[in-house]
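Each remark here refers to the structure printed beneath this line.
These values consider heavy atoms only, across backbone and side chains, with no hydrogens, waters or symmetry-generated copies. Indexing begins at 1, ligand by ligand and atom by atom, following the structure's order. No experiment lies behind these values; they were computed from the predicted model shown.
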Amino acid sequence: IASAIAGAMSANAQAKDLTVGFSQIGSESGWRAAETTVSKSEAKRRNVTLKIADAQQKQENQIKAIRSFIAQGVDAVFLAPVVSTGWDSVLKEAKEAKIPVVLLDRDIDPAGKDLYLTAVTSDSVHEGKVAGDWLVKTVGSKPCNVVELQGTVGASVATNRKKGFENGIAGQANIKLVRSQTGDFTRAKGKEVMESFIKAEGGGKSICAVYAHNDDMMVGAIQAMKEAGLKPGKDILTVSIDAVPDIFKAMAAGEANATVELTPNMAGPALDALVAYKAKGTVPPKWIQTESKLYTASDNPKAIYDSKKGLGY
Ligand code: GZL
């Protein structure tokens with residue numbers, strides 16, 4: 001028993017000594033804010049010191065933060081890569097400094113596979129497919145012109161969510177993707193782009209559905225539709241991704257229809273993999289996948305809103 005206790009203590013001691021530098025993208029969405037909040041509590045629970053650098057969605061700030069973490073001699077770097085390219089040199093510097101890198105919630109190009117220990121992400125192609133499948137099921141054979149609010153240009157999740165959605169609606173001649181533009185994952189930009197779609201589509205009467213790569217852009221789009229006298233959730237179907245509280249608030253008001261859940265807790269699994277790697281040399285799988293689940297307006301949105309409020313969104 002004594003050795004077991006000693007073992008547990010040494011693992012705990014290992015965790016106690018760990019310092020992790022987290023290069024966070026920013027606070028562009030409610031989901032991102034929740035991820036930051038959850039990361040802090042997950043690190044605290046494990047006695048890990050977490051230093052978070054907010055990059056305001058700029059890659060050069062993320063690269064600067066990683067260089068600073070390397071200079072400080074952190075035990076590991078967590079990186080939520082705003083886009084999937086341009087990481088080779090800074091991640092090679094981390095590798096040379098023998099500082100393991102863990103990716104959170106977004107990927108880098110496959111060529112960089114040997115530059116990180118593991119990636120904790122959802123299957124973002126699957127998320128887009130779930131959204132596309134829901135729309136196909138909901139519209140049946142009715143003609144449906146869809147507009148798409150894409151995430152940040154060059155982000156792995158935006159590329160993948162677009163691909164998955166297109167896979168979902170492929171072969172449905174009645175469903176047409178008529179406009180697609182980036183709203184950069186923010187409410188403000190989502191509203192602005194939706195306003196331009198409504199103008200370009202004769203006041204929006206011809207728009208049957210909106211697909212947004214995250215709920216925050218959809219919340220902005222819902223505002224734009226209402227200001228144009230349209231009825232989101234009724235005349236115009238909405239499907240988006242993240243399952244943040246405010247999309248359930250919109251569902252409860254009959255102004256949104258569906259969302260695909262993405263957990264904000266990427267840091268928990270990342271920390272567990274890191275502690276096992278540091279304490280016992282356990283090499284984690286290259287990809288630790290988090291779950292995705294569809295929620296619609298028939299899933300008691302008010303109760304879900306209440307349960308998610310206060311989780312840091
Ligand atoms: C997805 C994550 C995305 C969220 C957005 O894994 O990278 O970034 O869906 C956030 O809300 O901006």
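Sorted by first and then second residue, the side chain to side chain donor-acceptor pair (under 3.5 Å) pairs with a member in residues 74-85 read Ser84-Asp109; sequence neighbours excluded.
Each of the atoms 1 (C), 6 (O), 9 (O) of ligand 1 lies under 4.0 Å from some heavy atom of Leu262. Numbered from 1 in the order shown, with element, the atoms of ligand 1 that lie under 4.0 Å from a heavy atom of Phe185 read 5 (C), 12 (O).
Residues His213 and Glu127 bring no donor and acceptor atom of their side chains to less than 3.5 Å of each other.
At a heavy-atom distance under 4.0 Å, only side-chain atoms of Asp242, from C-beta outward, approach ligand 1. Neither the backbone nor the side chain of Asp215 has a heavy atom within less than 4.0 Å of ligand 1.
Ligand 1 lies within reach of Arg161, whose nearest heavy atom is under 4.0 Å from it. Ligand 1 does not have Ile241 within reach: every non-hydrogen atom of the residue lies 4.0 Å or more from it. The closest approach between Val157 and ligand 1 falls below 4.0 Å for a heavy atom of the residue.
Atom 6 (O) of ligand 1 has its closest protein heavy atom at Asp105 O, 2.7 Å. The protein heavy-atom contact nearest to atom 10 (C) of ligand 1 is Glu28 OE2, 3.3 Å.
Between Met218 and Met194, the closest side-chain pair of non-hydrogen atoms is not below 4.5 Å.
Taking the six-membered ring for Trp and the full ring otherwise, the centers of Phe69 and Phe22 sit at least 6.0 Å from each other.
Other residues sharing a hydrophobic cluster with Val146 under the 4.5 Å side-chain heavy-atom criterion for ILVMFWY residues are Val130, Trp134, Leu135, Val136, Val139, Phe165, Ile169, Ile175, Leu177, Tyr211, Leu237, Val239, Ile241, Val260, Leu294.
For the pair Lys286 and Tyr116, the cation sits on the ring face: its NZ or CZ lies under 6.0 Å from the ring centre, inside 45° of the axis. Figure legend: Lys293 and Tyr295 shown as a cation-pi pair, the cationic atom lying under 6.0 angstrom from the six-membered ring centre and within 45 degrees of its axis.
Considering backbone and side-chain N/O of Ser122, none are found under 3.5 Å from N/O of ligand 1. At a 3.5 angstrom cut-off on N or O pairs, Arg32 counts as close to ligand 1. Between Ser29 and ligand 1, an N or O atom pair is found at a separation short of 3.5 Å.
At a threshold of 4.0 Å, the pair Arg32-Asp105 counts as salt-bridged, since one of the basic side-chain nitrogens sits closer than that to a carboxylate oxygen.
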